[in-house]
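Residue numbers begin at 1 in each chain, while the letters A, B, ... track the order of the sequences.
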Amino acid sequence: MSGSAPLPEVAAVHWRQPADARRIDARGRAWTATTAAHVTPFVGASALLLALEPLTFPVGLVLIGHAWAIPELYAKRGANVLRRKAKGTAAAEQTALGLLGDLVGHRSREVLADTGLLVERADLGTWILGPAGAVLVREGTSRVHCYCVGVDDPDLPPSDRIAHLLLALRANEQSFATVANLAFSGAAWRLRRRLPADGRRALDAALALERAHARERGRDGGVPRPLGAEVAPAPD
Amino acid sequence: MSRLIRMDHTGHTTVAEWTSEDTAAQEAAVTAFREQLDSGYLAMVTTGVGHAEHVRELPLEADLVILRRPIAGG
């Protein structure tokens, strides 16, 4: 999927390195390290205050609250990439949905009808495509990368917006990830609880597809990386 | 019957149609195709399951050619 010619849109972000698997994983680790760097001082200060003077525990609680809120706000930013944009007329959306349905398989059509979001398996993992962004569930993991990416035409119906992203993704996945702007990277469970119900169902479908793919690779003699718990809390 | 369609505010619009026998329709389709590319659209054909590719010349043998706008990071 990434062996074909780069997307023409890459020329607009020529300074960016191609977003291959190694770079995506490295950016994910950097994101986690940055989040930890934001959170640790609050936790440390809270512990220090409590050790020096137990009566300062209300201040410590406020600091812990800050430490909790920072990754939650990041996750909310990630969830926003899948928000629905109610643009265009119902007739236009029906027409666009017909074209999009023709481009995908039966299982993807089911998820699309249920959630309004499209799940697409690719080389880097499983993507969830929405009208204004995309979420990548990295291959063999339950880590997600949320991207803001879309088409700058305010009149397009939502399904046409998704079709734009789908065609670009299928033409060159690395280029697609290069053009898109990273909004969040972290554990799927952290993103999941910030998503609306339809987004959660789409994420569950993507995680299930990723697990099934890992099992297939295992049967075929591949060595898939172990899957994390689907939605159980795990370190970011 | 082959079709050149453009994704737009109506869902999609058929820009041109042609058959392998109708050379006049083919020429009209090629002209329309170039006009669309000049106005900023990108042309794509699906190539098998789960794949697509950009084209700069109208592939007259294709069943469906889709015109889309460029994408960008938000």
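Rounding to the nearest 0.5 Å gives a distance of 11.0 Å between CG of A:Asp160 and CZ of B:Arg6. Atom-to-atom distance recorded for B:Met7:CE and A:Thr95:OG1 is 13.0 Å, nearest 0.5 angstrom. Atom NE2 of B:His12 and atom CG of A:Leu100 lie 10.5 Å apart (nearest 0.5 Å).
Here the closest heavy-atom approach between residue A:Leu165 and residue B:Ile71 is recorded as CD2-CG2, 3.9 Å. In this structure, A:Ala171 and B:Glu53 approach most closely via the heavy-atom pair CB-CA, 4.5 Å. The two residues A:Ala92 and B:His9 come nearest to each other via the heavy atoms CB-O, 3.2 Å.
With a 6.0 Å radius and a threshold of 12 heavy atoms from other residues, nucleotides or ligands, A:Asp152 has its CG atom at or below the threshold. Counting non-hydrogen atoms of neighbouring residues, nucleotides and ligands closer than 6.0 angstrom, the CZ atom of A:Arg27 reaches no more than 12 such neighbours.
Chosen from A:Val149, A:Val81, A:Thr178, the residue pairing most often with chain B at heavy-atom distances under 4.5 Å is A:Val149. Between chain B and the options A:Val151, A:Leu166, A:Leu167, the largest number of non-hydrogen pairs under 4.5 Å is found for A:Leu167. Of the listed residues (B:Ile66, B:Asp8, B:Ile5, B:Leu64), the greatest number of heavy-atom pairs within a distance under 4.5 Å of chain A belongs to B:Asp8.
Judged by distance alone, with hydrogens and angles left aside, the side-chain atoms of A:His164 form a donor-acceptor pair with the main-chain N or O of B:Arg69 at under 3.5 Å.
Proximity to chain B is absent for every atom of A:Leu97, based on heavy atoms less than 4.5 angstrom apart. Contacts of A:Ala12 with chain B are absent, with no heavy-atom separation under 4.5 Å from either backbone or side chain.
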